[in-house]
Amino acid sequence: MSLRVYNTLKGQKEDFKPLEPGKVKMYVCGVTVYDYCHIGHARANIVFDIIYRYLQFAGFDVTYVRNYTDVDDKIIKRANERGISSKELSEEFIRAFDEDMAALGLAVPTHQPKATEYIPQIIEICQKLIDKGLAYASDGDVYYRVGKFPDYLKLSGRNMDEMQAGARIAPGEQKHDPMDFALWKAAKPDEPKWESPWGPGRPGWHIECSAMSSALLGETFDIHGGGRDLIFPHHENEIAQSEGASGKPFVNYWLHNGFVNINQEKMSKSLGNFFTIRDILKRYNPEVLRFFILSAHYRSPIDFSDQNLIDAENGLRRFYEALDSGYEAIDGAQGTTPAEDGALLETQFKAAMDDDFNSALAIGHLFDAVRTVNRLVATKKFRKKPELVATVADLLQKIRTLGEVLGILQSDPAAWLNQQKKAGLVDLGLKEADIEAAIEARLQARKDKDYARGDEIRDELEARGILLLDTAKGTTWKLK
RNA sequence: GGCCCCGUCGCCAAGUGGUAAGGCAGAGGUCUGCAAAACCUCCAUCACCAGUUCGAAUCUGGUCGGGGCCUCCA
């Protein structure tokens with residue numbers, strides 16, 4: 001089974017063949033750093049995180065580049081509003097971004113370039129495009145002459161005539177044609193600026209990705225990713241810039257993740273219905289958010305709601321409870337003997353991920369493995385059956401290894417469950433000591449065969465959201 | 001208006017020609033003093049209509065419904 005990916009450029013799934021066998025060069029558009037990241041950013045970054053992880057798991061040597069766009073109209077505007085420099089503002093939000101991504105457990109990319117560190121390369125591309133007649137300087141600005149690039153709109157599948165109907169030239173722009181776009185913008189007063197052959201100015205909107213990707217990955221590379229909304233104009237323009245300048249194919253596989261919706265509607269700042277990652281992590285474990293996102297295919301829209309996150313939390317709990325009881329049951333036994341069930345799980349997992357990174361299907365297979373573990377552990381005289389213990393040990397090992405590819409199931413099971421319980425207690429306004437005291441009281445009542453009193457205590461706790469569990473090792477509790 | 005996507009069990013969600021994964025919820029059972037968890041069993045013909053095909057959730061056309069891009073956006 002080999003990897004297949006959906007390529008936006010072709011509109012279909014294709015066999016994935018890297019330029020250089022065994023190596024993958026991947027670029028993903030990062031964020032413009034002027035505000036806190038929202039859950040849409042979380043999805044995009046988590047999705048490409050697991051693509052990065054899976055490619056490595058599949059044996060590729062991956063170079064992963066994710067940029068920071070730290071010069072931009074929105075940054076300038078926001079910095080001016082706050083009376084600080086663009087640099088101060090962008091540095092603040094780069095830190096915030098890094099914190100958020102770390103909280104979400106993302107692997108760190110190979111390179112994380114900043115646009116402002118690539119100004120010379122940006123100017124070079126602009127010059128090359130001017131030399132080739134694909135761009136022109138106009139009153140300190142530089143614009144891309146879209147009409148000179150025949151492949152324009154090949155990614156988004158649009159048509160020039162229809163696009164032109166809606167295009168217009170904004171006041172202050174010096175375009176020859178409404179469809180042309182800015183590569184370089186002359187600096188206005190109080191704007192960050194760099195010297196250039198066309199006077200002091202700053203990069204346009206799309207050029208930095210062309211510059212950084214070619215500098216770090218070469219003129220042609222394997223994978224370019226980002227959200228669907230970047231297909232036009234951002235990625236379309238990147239293609240025009242990069243292929244225009246180099247005369248070579250820019251990217252072989254374009255991957256785009258779907259949106260996060262709120263109540264079936266796109267989340268957006270203009271609608272005011274967005275949640276920041278920080279907001280979410282106050283209420284939910286980061287792994288819950290990741291699990292929720294990975295429980296749908298990356299190209300599908302996903303609906304964000306409390307109920308859906310609670311469902312995800314319950315699903316994750318099933319994993320951790322199985323891991324917890326499984327590890328306890330094997331009591332330190334190692335999965336030295338590869339078992340049939342474990343091999344099957346790995347085969348199915350790979351098949352799912354090979355099919356355009358179908359994490360939802362992969363998780364389904366992991367759930368199957370959980371049931372197998374639970375079933376075996378519940379077998380009578382389990383501990384006296386070495387072959388079953390070995391199978392469970394192997395399965396638990398596999399579940400964790402494959403979980404790591406998805407960035408989940410890496411916590412200590414008991415600790416994770418405990419942390420969930422404690423977080424829930426705070427919500428319920430209860431203290432652990434009170435519960436322990438109630439358990440003691442009930443234990444005494446049961447010793448005295450006063451089951452009525454015992455049940456009464458249990459019912460009282462249940463009414464407050466706590467379930468008591470009688471196990472072989474004593475009474476524990478969990479959130480209802 | 002142009003381009004594009006989606007509509008699968010009560011909910012979430014896989015499944016692009018071969019007869020519907022998985023999770024949650026629900027029903028019955030095993031276990032339990034009673035419970036909980038776990039396990040076992042059960043629980044959908046895929047918005048609608050018409051085609052293509054030996055065979056369609058999967059292909060084609062149409063209808064209805066929802067969403068996205070075309071302006072900053074993951």
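Residue numbers start from 1 in every chain, and the chains themselves are labelled A, B, ... in the order their sequence lines are given, proteins ahead of strands. Note that the structure is predicted; figures quoted are calculated from it, not measured. When reading the values below, keep in mind they use all heavy atoms of this one structure, side chains included, and skip hydrogens, waters and symmetry mates.
Taking A:D324 as the reference, nothing meets the salt bridge (charged side-chain N to carboxylate O under 4.0 Å, His left out) condition, with sequence neighbours excluded. In this structure, the salt bridge (charged side-chain N to carboxylate O under 4.0 Å, His left out) partners of A:R53, at least two apart in sequence or on a different chain, are A:D49. Qualifying salt bridge (charged side-chain N to carboxylate O under 4.0 Å, His left out) partners for A:D73, counting only residues two or more places apart in sequence or in other chains: A:K185, A:R202. Considering only residues two or more places apart in sequence or on other chains, A:Y451 meets the side-chain contact (heavy atoms from CB on, under 4.5 Å) condition with A:R446, A:K449. Checked against side-chain contact (heavy atoms from CB on, under 4.5 Å), A:A415 has the following partners two or more places apart in sequence or in another chain: A:D412. Partners of A:Y36 by side-chain hydrogen bond (donor to acceptor under 3.5 Å, both in side chains), not counting sequence neighbours: none found. Under the rule for a side-chain contact (heavy atoms from CB on, under 4.5 Å), the partners of A:Q410 that lie at least two apart in sequence or sit in another chain are A:E404. With sequence neighbours left out, the salt bridge (charged side-chain N to carboxylate O under 4.0 Å, His left out) criterion links A:E81 to A:K77, A:R78. Checked against side-chain hydrogen bond (donor to acceptor under 3.5 Å, both in side chains), A:Y298 has the following partners two or more places apart in sequence or in another chain: A:D356.
Near-neighbour residues of RNA chain B inside residues 221-233 of chain A, defined by a heavy atom below 4.0 Å, number-ordered: A:G226, A:G227, A:D229, A:L230, A:F232.
Spacing of C1' atoms, B:rC31 relative to B:rG22, comes out at 25 Å, to the nearest Å.
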Could you list all N or O pairs between the protein and nucleotides 7-12 of chain B that sit under 3.5 Å apart?
none

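Rounded to whole Å, atom C1' of B:rA74 lies 14 Å from atom CG of A:D35.
Residue contacts for A:V28: at a heavy-atom cut-off of 4.0 Å it reaches no nucleic acid atom on any strand shown.
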Per-nt protein contacts along nucleotides 31-42 of chain B (heavy atom under 4.0 Å; B base, S backbone sugar-phosphate only, - none) come out as --BBBBSSSS--
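Nearest heavy atoms, A:V146 versus A:M179: CG2-O, 3.3 Å.
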